[in-house]
Amino acid sequence: MADFVVTEAFGGPGEEGERRVFEAVKAAYAGEDVLGFWRYPLVTRETVREPDILIADPELGLVVIEVKSLPLDMIAGVSGYRWDLARPYYGKAHLNPYEQARRQAQLLGELAVRRGDLAQLATRALVALPLITREAWDGRFGHLLSDVPMLFADELTPARLRAALERTPPVRYGQPLDDAAWAALRSALGTSGNVPKRVIRPPAPAATPAPVRRADLVTRSARHLHAFDLQQELIAKTIPPGPQRIRGIAGSGKTVLLAQKAATMHLRHPDWNVALVFFSRSLYDQIRAQVDHWLRQASGGEQSLQTAGHRLRILHAWGSRDQPGFYRTLASQVGVTPLTVDRTPPGSPTSKLLFACRALLLDAQLTQRSLQVFDAVLIDEGQDLVHEEAALNFEEKQAFYWMAYQSLRPVARDALLDTGEPEARRLIWAYDEAQSLDTLTIPNTRELFGDQGAAIFGPGVSYRGGIRKSEVMNRCYRTPGPVLLAAHALGMGLLREGGMLAGLTNRADWQSIGYDVEGQFRSGSEVTLTRSPENSPNPLPGFTDEPLVTFDSYPTRRAELLALIERVQADLGPHGLHPSRQVLIVVPGLDWEPYTLQEDVFKALRSVNVSVYLPGNKDVNVPRQKWPDTDPNGFWRDGAVTVSPVMQAKGNEADVVYVVGVDRVAAREDVIRLRNQLFVGISRSRGWVHLSGCGMDGTPLADEIRRVLASGPELRFTYRQPRRQLDDVRN
């Protein structure tokens with residue numbers, strides 16, 4: 001099947017010709033297995049300009065088409081590969097389009113060979129003139145360019161275009177690609193094949209290793225390469241000319257793709273001020289590493305986060321004195337002293353931040369100071385930056401998002417292509433409402449911007465050129481299918497005796513997050529959900545018969561903690577896992593409940609000399625520390641098992657996850673925030689999850705958990721209207 005990616009909207013000077021050629025390429029390859037890009041991101045030491053059109057064809061290899069939208073009278077003369085111009089073209093008196101295309105084809109071939117080990121890959125280059133016919137060219141210049149492959153305006157039909165490509169001589173000779181080589185080429189050009197590989201340390205030695213060690217299964221799973229994912233390309237490599245909403249399930253790679261998108265923006269527009277904003281401070285190191293990786297990956301190591309400087313900023317939503325964040329940066333822009341946490345009313349971290357954002361918007365309004373400083377703002381963990389409390393809104397708009405919107409310079413009118421779009425600003429936000437731990441508000445455009453939402457997003461579902469205004473990511477690369485199914489079932493209460501608490505209420509929305517659906521969403525009707533391997537490509541379920549999700553209830557907390565000790569010791573001993581980044585313990589609860597249980601788990605593990613790290617601490621194996629002995633960004637420490645409240649665990653992952661103290665959820669099993677904690681805790685796992693609690697036998701939640709685990713790969717439930725609908729509403 002032909003896949004085509006438009007990385008930026010058409011419409012600028014000279015781009016109409018590129019659009020005509022690209023549409024002709026799409027028509028010529030309709031229904032075939034080919035990959036095409038308009039302006040594939042290619043950054044070299046000499047330039048950041050991308051090939052106009054790139055085609056990856058299993059028969060021809062890579063084909064670069066350089067498009068010159070010149071009328072015939074612009075070309076005064078031709079000498080070899082050099083074209084002399086009758087008048088300057090973007091300040092140039094002469095052009096060498098074939099040499100430009102040839103060089104790009106050569107560089108792309110080297111890139112693909114390096115990434116995909118494709119020694120037999122052919123590359124080709126040609127020049128397209130969509131405003132000049134072959135007859136007109138020959139009448140003016142004869143056959144002066146017999147050695148230069150050309151594609152003229154009258155050759156933009158499917159048959160003639162394919163013929164022109166096939167007669168184009170290779171820049172680099174090669175052979176047609178077999179299925180394995182073709183898959184390797186697609187992966188080399190794409191996002192999924194270039195995601196930073198997990199560094200799997202050799203399994204820890206064990207005196208008596210288990211017959212089938214989890215460490216070996218983890219290593220085997222990590223070797224698995226994700227297939228080319230067109231949606232990842234569309235999100236990661238495209239730059240919309242206005243706002244864009246990205247809704248993705250847990251583990252779908254939202255953070256990775258936003259990092260790549262930010263890197264792409266900087267490389268293609270180095271004069272832009274770009275901010276990548278997030279909520280959880282424990283993600284700082286992860287996001288910085290991701291952005292740095294993509295900058296180096298796309299530039300052949302020539303550019304990095306350090307060289308990007310202030311033009312590309314990774315900012316915590318709030319920030320601190322020693323680590324300026326998004327809010328503090330904008331407070332400085334307005335010239336007001338930023339509020340600190342202790343100067344805001346009592347409440348959750350989100351409510352405190354939104355109080356500060358609302359105050360800043362009022363200050364800017366009062367002083368008539370502009371907040372505009374950025375050309376693009378990308379927001380990760382968008383579900384944690386909204387709140388249902390009306391007093392935290394600014395003029396019926398969510399304060400953080402309106403502050404972010406006001407921080408943006410409007411997109412230049414010529415970038416909007418005169419298509420009737422309203423004033424637009426590049427605000428891009430990603431979220432998964434099922435991971436919201438502090439609010440039941442869903443960050444769709446109507447909720448964020450009130451009545452102005454429709455005007456901000458503009459008419460239609462796509463921008464000109466095909467870039468979508470809203471994307472839903474349905475593939476979960478992190479969490480195995482059976483684990484994700486259990487996470488959704490328990491998080492939404494699908495098998496709850498009293499009916500589901502939250503969830504999707506129609507077939508299309510379930511399908512959009514990767515589920516196959518049977519049945520009707522009518523009250524009292526039975527619905528069946530299954531998750532295909534295509535949408536949950538983690539291969540672990542195929543490598544072991546061991547259940548990936550297990551549950552135990554114990555008579556006392558002490559008994560639960562003793563069982564936890566035994567399991568963790570087995571993971572670190574016979575199963576060969578490392579404590580840091582492979583084993584994670586999360587504790588649920590509201591307010592200060594998680595911290596008391598975190599302390600109990602800490603003491604239990606330390607009693608048997610298992611090293612423990614509490615997120616936010618400076619040191620290992622010590623109880624919760626106070627400033628200045630803190631590391632607000634810290635989540636992992638080498639050699640130590642992390643024990644974390646669910647809120648701090650968000651965005652992180654491990655091979656084995658223990659959710660301890662599920663009785664805290666059972667005591668208030670109809671509280672949606674606690675259900676969301678259960679979902680977040682389970683979905684941190686790349687492999688196994690063990691749920692445990694004390695005194696749960698006979699409780700509705702214990703029975704529900706056992707029903708979910710007994711359901712296998714197919715979940716049947718009786719549909720009832722949920723208290724909280726999660727349907728995909730754009731406005």
Side-chain angles (χ1 to χ4, degrees), residues 231 245-252 383 431-436 440-447 461 468-476 479-537 541 549 669-676 678-680 682-683 700-731:
Q231 188 184 37
R245 184 193 65 140
I246 302 168
R247 182 194 195 201
I249 62 171
S252 56
Q383 73 279 350
Y431 72 95
D432 175 8
E433 69 282 329
Q435 295 193 62
S436 174
L440 302 184
T441 298
I442 299 174
N444 56 51
T445 51
R446 178 175 295 164
E447 179 61 46
V461 298
R468 293 182 60 83
K469 297 179 180 181
S470 181
E471 293 279 1
V472 182
M473 299 174 65
N474 59 10
R475 285 185 178 174
C476 177
T479 305
V483 180
L484 186 64
L485 183 65
H488 276 129
L490 293 173
M492 297 179 183
L494 298 182
L495 298 189
R496 181 173 173 268
E497 284 187 359
M500 61 191 293
L501 290 165
L504 306 170
T505 65
N506 63 80
R507 178 188 303 269
D509 279 339
W510 277 107
Q511 291 174 334
S512 73
I513 64 169
Y515 284 93
D516 296 323
V517 183
E518 294 182 8
Q520 300 295 320
F521 287 86
R522 293 195 299 262
S523 185
S525 296
E526 187 176 85
V527 176
T528 301
L529 300 177
T530 54
R531 191 158 186 89
S532 70
E534 177 185 3
N535 291 326
S536 288
V549 186
E669 60 84 27
D670 61 344
V671 175
I672 294 177
R673 287 185 178 88
L674 286 171
R675 289 285 183 153
N676 287 356
L678 200 53
F679 173 84
V680 171
I682 295 170
S683 62
L701 183 61
D703 294 341
E704 179 186 337
I705 293 173
R706 292 186 174 110
R707 286 196 297 272
V708 169
L709 300 189
S711 66
E714 198 173 75
L715 191 75
R716 290 188 178 89
F717 67 98
T718 300
Y719 175 75
R720 294 187 182 90
Q721 188 78 7
R723 187 188 309 168
R724 184 187 185 217
Q725 294 188 28
L726 303 179
D727 298 339
D728 188 15
V729 179
R730 198 196 77 186
N731 289 321

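- Here the side chain of Q383 pairs no donor or acceptor atom with the backbone of Y431 at under 3.5 angstrom.
- Using a 4.5 Å heavy-atom cutoff, the side chains of K469 and V461 are not in contact.
- The backbone N or O of G514 lies less than 3.5 Å from no partner atom in the side chain of E534, so there is not a single donor-acceptor pair.
- Within the 4.5 Å cutoff, no side-chain heavy atoms of R247 are placed close to those of N444.
- Contact annotation: the side chain of D509 never approaches that of I513 to less than 4.5 Å [non-hydrogen atoms, C-beta and beyond].
- Rounded to the nearest 0.5 Å, atoms CD1 (I442) and CG (L726) are 5.0 Å apart.
- Residues that satisfy the salt bridge (charged side-chain N to carboxylate O under 4.0 Å, His left out) test with R673, not counting sequence neighbours, are E388.
- For D432 (side chain) and A250 (main-chain N/O), a donor-acceptor pair under 3.5 Å exists by modelled atom type.
- Residues meeting the salt bridge (charged side-chain N to carboxylate O under 4.0 Å, His left out) test with R496, sequence neighbours left out: E669.
- Looking at every heavy atom in both residues, R724 comes nearest to T441 through NH2-O, 4.0 Å.
- Under the 4.5 Å side-chain criterion, counting only non-hydrogen atoms from C-beta, R723 is in contact with D670.
- The minimum heavy-atom distance linking A489 with L715 is given by the pair CB-CD2, 3.6 Å.
- Here the side chains of L701 and R675 are in contact, with some heavy-atom distance below 4.5 Å.
- Atom CD of E471 sits about 11.5 Å away from atom OG of S512, to the nearest 0.5 Å.
- Note on ring orientation: taking the six-membered ring where Trp is involved, the planes of W510 and F521 are parallel (angle under 30°, cut-offs 30° and 60°).
- Of the residues L490, L494, L709, the one that meets the side-chain contact (heavy atoms from CB on, under 4.5 Å) test with E704 is L490.
- One finds the CD atom of E433 at 11.0 Å from the CD1 atom of I249 (value rounded to the nearest 0.5 Å).
- Within 6.0 Å of CZ on R522 lie no more than 12 heavy atoms contributed by other residues, nucleotides or ligands.
- Under 4.0 Å is where a charged nitrogen must lie from a carboxylate oxygen, and between E447 and R245 no such pair does.
- The minimum heavy-atom distance between L484 and C476, with the atom names listed, is CD2-CB, 3.7 Å.
- Counting heavy atoms from C-beta on, the side chains of V549 and V708 never come closer than 4.5 Å.
- Among residues two or more places apart in sequence or in another chain, the salt bridge (charged side-chain N to carboxylate O under 4.0 Å, His left out) test is passed with E518 by none.
- Residues V517 and L529 are in side-chain contact: their nearest non-hydrogen atoms beyond the backbone lie under 4.5 Å apart.
- Residue G503 comes nearest to D727 through the heavy atom pair O-OD1, 4.3 Å, listed as atom of the first residue, atom of the second, then distance.
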Checklist entry - Please walk me through it: do M500 and Y719 pass side-chain contact (heavy atoms from CB on, under 4.5 Å)? => result CA-CA 7 Å; M500 61 191 293; Y719 175 75; 3.8 Å; yes
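- Here the closest non-hydrogen pair linking A487 and F679 is O-CD1, 3.2 Å.
- Using modelled atom types, no side-chain atom of S536 and backbone atom of P533 make a donor-acceptor pair closer than 3.5 Å.
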